[in-house]
Peer 1: 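Would you mind keeping the following structure in view while I ask a few things?
What's counted below: heavy atoms across the whole structure, side chains too, no hydrogens, waters or symmetry copies. Residue numbers start from 1 in every chain, and the chains themselves are labelled A, B, ... in the order their sequence lines are given, proteins ahead of strands.
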Amino acid sequence: MASASDITPVAGKFYRAGSGTPVPARLTVERKLVRIAEAGGGPVLAEEARGDVAISARLGSVPRRVEMIGSWTFETDDNDGIDRAFGGFGRGALSALEGSLPAILVAVVFVVVSLIGITVFGLPAATQAAVDRTPQEAERAIAAGSMRSLDATLFRETEADESRREALQEAFAELVSAYENQPWAREDVVFRLDFRHAPAIGPNALALPGGQVVVTDDLLDVLEEDEMVAAVLAHEIAHVHHRHGLYALYRSAGVGALILFLGGDLSALAEDAVVQGAVLSNLSVSRRSEREADRTGAQLAAAAGLDPMALLEALEALTGADADEKSSWLSSHPGLKDRAKAIREATAER
Amino acid sequence: MTDTSTTAESEQPHASEARLPFEFHGKAGEYFGIWIVNLLLTIATLGVYSAWAKVRTNRYFYGSTRLDGDAFHYAAKPMQILIARLIVFAVLVAFNVLAQYVPEAGVALLIVFFFLFPWLISRALRFQSRVTRWRNVGFDFRTDYWPTFVIMYLAPILSVVTLGLGIPVVTKWTQEWAYKRFSFGDRGFDVQVPLGKLYGLFGGVFVVGVLLYVGALALIVGPIIASSQAGLEGDTLPASVIAAIIPAYFMMLAAALLIYVYRAGVRNIVFRELVLDGNHRFDSTVSKRKYAWIIFSNLIAVAVSLGFLIPWARIRLSRFLAENTFVIPGGPLDQFVESVKETQGVIGEEYVDMEGIDIGIGL
């Protein structure tokens, strides 16, 4: 500690509190005492116990500051001098890491591996765990809230034929009891089917979390046969069973949190790339959910004594596409060809 | 467009006076180490370190920027930023949960946020200004609610209802609003942005933008019309359309880059009119073409390198901007700084301000 190099003065600039006038000065640390004197053998400007001053952490070649908070500031470009004077205090492990090639290489590998790991494994696992821990009541409350806001915005009273609606309610009840007879069925789900006129979303059926299924009037217009509508209902019940609505909800929240936390250190552009990647991966998750719902829905339809392939006819009627359409990574639903194959396989499994 | 404006740039009256350049000493290699360690620790601490990472990054960029030999200093404390981020995060989570269960309450909260935002934004600007220091003196930003409200909500409406033709007016309002509230210690900045110059700049950008869009549209739509007139029917697009997609895409991209051309032009115009304490002037000589090129090539470099050239791209942009920014002192700078009074007490001790919302004024 008492070697001569310890008291080699560090040249820099001294500022009094609230003053923008730099005074050329020299700093020395001797016996735990920090002394700053005017350059060229001038008077002592400040003298403080070493423990009372704040030394800024070393950061690249950025100027270093020694501060008596509320009183004075000493600034110098001589980073090594400060490290020497304070015996390495404030040099910090960070600055050592940031300047060491092996550490940087390790950091690169760690960052790449963990970013891939988080998105490929961590996020899906965390999302699934959150879904599994969400009580049914919470799911139903979410659905009730969504239903209220949809009723206030996109939905109108249904104008569909009442006797047809009653027939479909019966078919829905049969599908629900077929579902409840399955050994793998979840016990706490309360299913409910509602009809709404919703021109904004066209011919569509939705499964909100917790068992709420909604069918639009336009869908009933396009699908003239009740068996086709029933196949769509089986598909929506399957969505409810797999809790796909909740999964999608949690997933987008997780992606949002990820972007929020890492965003600060990515550029605006890289952030865009992450967002686009998230959209693409959401689409891929959506296609996976649809395939899952197709398989389970086909099993349910068959168990209720319906033709599982009616879903395919319904989809053909709805999309106007032919059954040769392939999947695309830009669509939320798989291509019909893939879906037909999956449904055949699912019903053959039984 | 660029021809007339470049001659205008070289005719600036400031050119002959003594100009103090901003210098940037940051190095891409040095910053890469800081950046990657920031990312590593942010991931390893599940995001908590991001507040420290932000302070280190800003300290590096501020500390690498010098004027008249002295570096700028970023004085924010990580804890201030962490607390602010946690508050923002908690509010977002609470809002999302509430909006799921009780959408009506969500809508009510949105209205509250709407009126809270101007306050938050001006507080954030004040925070950013106060933690920026040079020669032991902090900058400051005067906050007031309704002017911020007008700039945030009413100005954008004006640019929409005028179909974009009011953009220069909005630019003038926004720039004057920001700089008239900005000060170095107790000495205010002032600026009167000449609307005519903004319209000159905007006119050029607008014409080029329209030409690019029309050109891109013509490349795509032309072959479709031609093929339908030739009586060709079919599901697939004609080959000529597919061939035109890539050049059309690049024309759209060029049109998007015009935003940066406009911003660079605005920066030059505003800095030339900016006055500190009545007699210190500024200059900005950002070449619009070069600026657009740096933005574009940075974008390509970052994409091709999967993000690993982000540090290089940031350093490159900061250096370019610093090297094209000047102070023209109206008198001895030392005497001026000596007379400046600090407007804040002990930095970082007396307040924990709203942070976490990043907004830049100008560039």
Side-chain angles (χ1 to χ4, degrees), chain A residues 13 15-22 56-57 59-63 65 69-70 72-73 75 77 94-95 97-101 103-108 110-112 114-115 118 138 141-142 144-146 148-150 152 209 249 253 256-258 260-267 269-270 273-274, chain B residues 25-27 30-44 46-47 50 53-54 56-57 59-60 62-64 70-71 73 89 92-93 96 99-104 106-107 134-137 185 298-299 302-303 307-308 310 313-314 334 337-338 340-342 345-346 348-349 358:
Chain A
K13 289 168 179 168
Y15 293 95
R16 287 182 181 86
S19 156
T21 309
S56 69
L59 176 68
S61 47
V62 160
R65 299 160 69 86
I69 305 280
W72 50 262
T73 306
E75 197 180 282
D77 286 330
L94 275 177
S95 168
L97 276 179
E98 288 161 357
S100 130
L101 190 61
I104 287 173
L105 289 178
V106 170
V108 167
F110 176 88
V111 166
V112 170
S114 50
L115 280 182
I118 287 170
I142 291 173
S146 313
R148 272 208 305 284
S149 47
L150 285 169
L249 195 70
L258 207 62
L260 196 72
F261 273 118
L262 291 180
D265 272 293
L266 301 170
S267 69
L269 177 81
V274 172
Chain B
H25 298 273
K27 293 177 206 72
E30 201 171 60
Y31 176 49
F32 186 90
I34 295 165
W35 177 77
I36 197 76
V37 170
N38 278 345
L39 264 181
L40 171 116
L41 292 175
T42 299
I43 293 169
L46 303 174
S50 65
K54 186 194 168 102
R56 268 184 107 67
T57 302
R59 263 189 69 207
Y60 187 75
Y62 284 47
S64 300
D70 282 308
H73 173 55
F89 187 67
L92 278 180
V93 168
N96 276 305
Q100 288 299 337
Y101 289 99
V102 197
E104 296 84 356
V107 172
W134 184 71
R135 285 207 182 154
N136 204 32
V137 177
N298 273 359
L299 203 140
V302 169
F308 281 102
I310 287 174
R314 275 192 195 164
D334 295 345
V337 183
E338 204 168 334
V340 174
K341 301 263 180 314
E342 186 75 277
V346 181
E349 297 294 305
D358 272 313

Peer 1: Looking only at heavy atoms, what is the nearest atom pair of Val62(A) and Ser64(B), with distance?
Peer 2: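 Minimum heavy-atom contact is CG2-OG, 3.9 Å.
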
Peer 1: Going through the checks in order, is the side-chain contact (heavy atoms from CB on, under 4.5 Å) test met by Trp35(B) and Val111(A)?
Peer 2: CA-CA 11 Å; Trp35(B) 177 77; Val111(A) 166; over 6 Å; no

Peer 1: Do you know which two heavy atoms are closest between Glu75(A) and Ala71(B), and how far apart they sit?
Peer 2: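 That closest heavy-atom pairing would be OE2-N, 4.5 Å.
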
Peer 1: Measuring heavy-atom distances to chain B, does Leu249(A) have an atom under 4.5 Å in its side chain, in its backbone, in both, or in neither?
Peer 2: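 Looking at Leu249(A), just its side chain touches chain B.
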
Peer 1: Can you tell me how far apart CZ (Phe110(A)) and CG (Leu41(B)) are? Round to the nearest 0.5 Å.
Peer 2: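 Taking CZ in Phe110(A) and CG in Leu41(B), the distance rounds to 8.5 Å.
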
Peer 1: Name the option with the most non-hydrogen atom pairs under 4.5 Å to chain B; the candidates are Ser146(A), Ser100(A), Pro63(A).
Peer 2: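 Between Ser146(A), Ser100(A), Pro63(A), the count favours Pro63(A).
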
Peer 1: Report which part of Ala144(A) has an atom under 4.5 Å of a heavy atom belonging to chain B: side chain, backbone, both, or neither.
Peer 2: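 For Ala144(A), neither part sits under 4.5 Å from chain B.
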
Peer 1: Look up atom CG in Asp77(A) and atom CG in Asp70(B), then write down how far apart they are to the nearest 0.5 Å.
Peer 2: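 It is 8.5 Å, given to the nearest 0.5 Å.
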
Peer 1: Less than 4.5 Å to any heavy atom of chain A: does that hold for the side chain of Lys27(B), its backbone, both, or neither?
Peer 2: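 Side chain of Lys27(B) only, per the 4.5 Å heavy-atom cut-off to chain A.
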
Peer 1: Less than 4.5 Å apart, side chain to side chain, heavy atoms only: is that true for Arg148(A) and Glu104(B)?
Peer 2: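 Counting from C-beta outward, Arg148(A) and Glu104(B) do come under 4.5 Å.
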
Peer 1: Heavy atoms only: give me the nearest Ile36(B)-Ala107(A) pair and the separation to one decimal.
Peer 2: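 Between these two residues, the closest heavy atoms are CG1-CB, 3.8 Å.
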
Peer 1: Ala152(A) versus chain B, heavy atoms under 4.5 Å apart: side chain, backbone, both or neither?
Peer 2: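 For Ala152(A), there is no contact with chain B at all, as no heavy atom is under 4.5 Å.
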
Peer 1: Check whether any side-chain heavy atom of Leu115(A) lies under 4.5 Å from a side-chain heavy atom of Leu39(B), and answer yes or no.
Peer 2: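 SC-SC contact between Leu115(A) and Leu39(B) ruled out.
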
Peer 1: So which heavy atom on Gly60(A) is nearest to which on Tyr60(B), and how close?
Peer 2: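 Smallest interatomic distance, heavy atoms only, reads CA-CE1, 4.3 Å.
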
Peer 1: Of all heavy-atom pairs between Pro103(B) and Gly145(A), which one has the smallest distance, and what is that distance?
Peer 2: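 So the minimum-distance heavy-atom pair works out to CG-O, 3.0 Å.
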
Peer 1: OG1/Thr73(A) to NE2/His73(B) distance, rounded to the nearest 0.5 angstrom?
Peer 2: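 Here the rounded value is 8.0 Å.
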
Peer 1: Would you call Phe308(B) and Val112(A) a side-chain contact if the rule is heavy atoms closer than 4.5 Å?
Peer 2: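 In short, these two side chains touch, coming nearer than 4.5 Å.
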
Peer 1: Just do the side-chain contact (heavy atoms from CB on, under 4.5 Å) check on Ser61(A) and Glu30(B) with the steps written out, would you?
Peer 2: CA-CA 8 Å; Ser61(A) 47; Glu30(B) 201 171 60; 3.2 Å; yes

Peer 1: Among Leu101(A), Val108(A), Val106(A), who wins on heavy-atom pairs under 4.5 Å with chain B?
Peer 2: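 That would be Val108(A).
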
Peer 1: Rounded to the nearest 0.5 Å, what's the gap from CG on Leu46(B) to CD1 on Ile118(A)? Could you check?
Peer 2: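 Leu46(B) CG to Ile118(A) CD1: 7.5 Å, rounded to 0.5 Å.
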
Peer 1: Measure distances from Arg16(A) to the heavy atoms of chain B and classify the residue's part below 4.5 Å as side chain, backbone, both or neither.
Peer 2: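 Just its backbone gets close to chain B.
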
Peer 1: Do you know which of Ile34(B), Val337(B), Val37(B) has the most heavy-atom pairs with chain A at a distance under 4.5 angstrom?
Peer 2: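 Going by pairs under 4.5 Å, I would pick Ile34(B).
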
Peer 1: With a 4.5 angstrom heavy-atom cut-off, is it the side chain or the backbone of Ser19(A) that approaches chain B, or both, or neither?
Peer 2: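 For Ser19(A), backbone heavy atoms alone lie under 4.5 Å from chain B.
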
Peer 1: Are any non-hydrogen side-chain atoms of Arg59(B) and Ser56(A) less than 4.5 angstrom apart?
Peer 2: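 Answer yes - side chains close enough.
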
Peer 1: Against chain A, label Val102(B) side chain, backbone, both or neither, depending on which of its atoms sit under 4.5 Å from a heavy atom there.
Peer 2: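 The answer is both parts of Val102(B).
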
Peer 1: Which residue out of Gly18(A), Ala17(A), Ala138(A) racks up the most heavy-atom pairs below 4.5 Å with chain B?
Peer 2: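 Result: the option with the highest number of such pairs is Ala138(A).
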
